[in-house]
J.: 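First the structure, which I've put down as structure tokens, then a few questions once you've had a look.
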Amino acid sequence: MPELPEVETIVRELRQPLVGRTFTQVIVRWEKTIQTPVAEFKHNLPGKQIESIRRRAKYIWFHLSGGWSLFIHLKMSGNLQVLPVSTPCEKHVHTILRLDNGHEVRFKDTRKFGRAYLTRDPETVTGHLGPEPLADNFTLADFKALFHRKKGRLKPLLLNQAFIAGLGNIYADEACHDAGILPNRTADTLSAVELERLYHSIRKVLNHGIMHRGATFDEVYPGGKFQNFFQVYGRTGEPCRTCDQPVERIVLSSRSTHFCPNCQR
DNA sequence: CTAAAATCCTGGTGGC
DNA sequence: TGCCACCAGGATTTTA
């Protein structure tokens, strides 16, 4: 379940092997992965060179020659491998993008939720997204303004990518705990002081995640270490690292939500 | 407007 | 050991 820090780490690791490469061939084994019409995708991708790779929210964004953009969203279980064509292909590889150097990009995705988009208009994919929480120009005032006349509960708001981009279940729970705010609070009850704490906590937990190269989960994304630093996520019944009270779990908008009833108010 | 539920998927788990 | 019901979980879509 890659969230912002995992996707950021993956993007950084893809740059060295992929920037400058040109796609030569597309093999699609599970067509639902491709969100743009498959025939267009297969026709338009070969011949395009990767000029740069960035991240927007949880999307991996390949800037291609000719003004094209390839977006890949890993969703729950997606994983990108860059391997020589001769390497035996693992199970659950649904799309293969051949390169001009004898290697290929393999989109492996056990649960088949991952999606790829090829477009000349990036806005069609990312246009609905809220602000990047780690952007230099994303200020406390901007964050507070997001809450203007918002009435829903805090956790679902933080998970809403149109509200703020990049948080998922793990980092939303961790940010609420760091800020000392209960995730089921109604958004319009948060004080100015609480909003300020939350703003800094969101950026803090995301930066910590990136620093530890993300969190490794279900062995989908190897290499991350942040799972060792979770304060509440997945720790139901275990003692809070701050106060020793057992971490509690509730369900909010059908998502597991973990919090410390003592540290969070 | 908010919000809850259904949808898409498969591997892992727990009950019997 | 086998069978099966059930669950997680991001984002979108549907329904209330």
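Side chains are part of it too, since the values below use all heavy atoms of this structure and drop only hydrogens, waters and symmetry mates. In what follows, chains carry the letters A, B, and so on, assigned in the order in which the sequence lines appear, proteins first and then strands, with residues in each chain numbered from 1.
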J.: What is the first contacted nucleotide of DNA chain B and what is the last, in 5' to 3' order, if contact means an atom lying under 4.0 angstrom from a heavy atom of chain A?
T.: B:dT2 to B:dG11
J.: Separation of A:Arg115 atom CZ from C:dT13 atom P, in whole Å?
T.: 12 Å
J.: Identify whether any heavy atom of A:His128 sits under 4.0 Å from a base atom; if not, whether one sits that close to sugar-phosphate; answer base, sugar-phosphate or nothing.
T.: sugar-phosphate
J.: Check this one for me: any side-chain N or O of A:Arg249 less than 4.0 Å away from OP1 or OP2 of C:dA8?
T.: yes
J.: In whole angstrom, give the distance that lies between atom NZ of A:Lys32 and atom P of C:dT12.
T.: 17 Å
J.: In terms of ring plane angle, is the pair A:Phe226 and A:Phe229 parallel, tilted or perpendicular, where the classes change at 30° and 60°?
T.: parallel
J.: Distance check needed: C:dA11 C1' versus A:Ile164 CD1, whole Å only.
T.: 17 Å
J.: Taking the nucleotide of DNA chain B with the closest heavy atom to each, which residue, A:Ser254 or A:Lys150, is nearer the 5' end?
T.: A:Lys150
J.: Mapping A:Gly152 and A:Arg255 onto DNA chain B by nearest heavy atom, which one lands closer to the 5' end?
T.: A:Gly152
J.: Find the distance A:Lys75:NZ to C:dG9:P and express it as a whole number of Å.
T.: 15 Å
J.: For the ring pair A:His94 and A:Phe107, is the centre-to-centre distance below 6.0 Å?
T.: no
J.: Run the salt-bridge test on A:Arg213 and A:Glu13 with the 4.0 Å N-O cut-off and return the result as yes or no.
T.: yes
J.: Base, sugar-phosphate, or nothing for A:Ser256, non-hydrogen atoms under 4.0 angstrom?
T.: sugar-phosphate
J.: Grab the NZ-C1' distance between A:Lys58 and C:dA11 for me, whole Å please.
T.: 8 Å
J.: Does the ring center of A:Phe62 lie less than 6.0 Å from the ring center of A:Tyr117?
T.: no
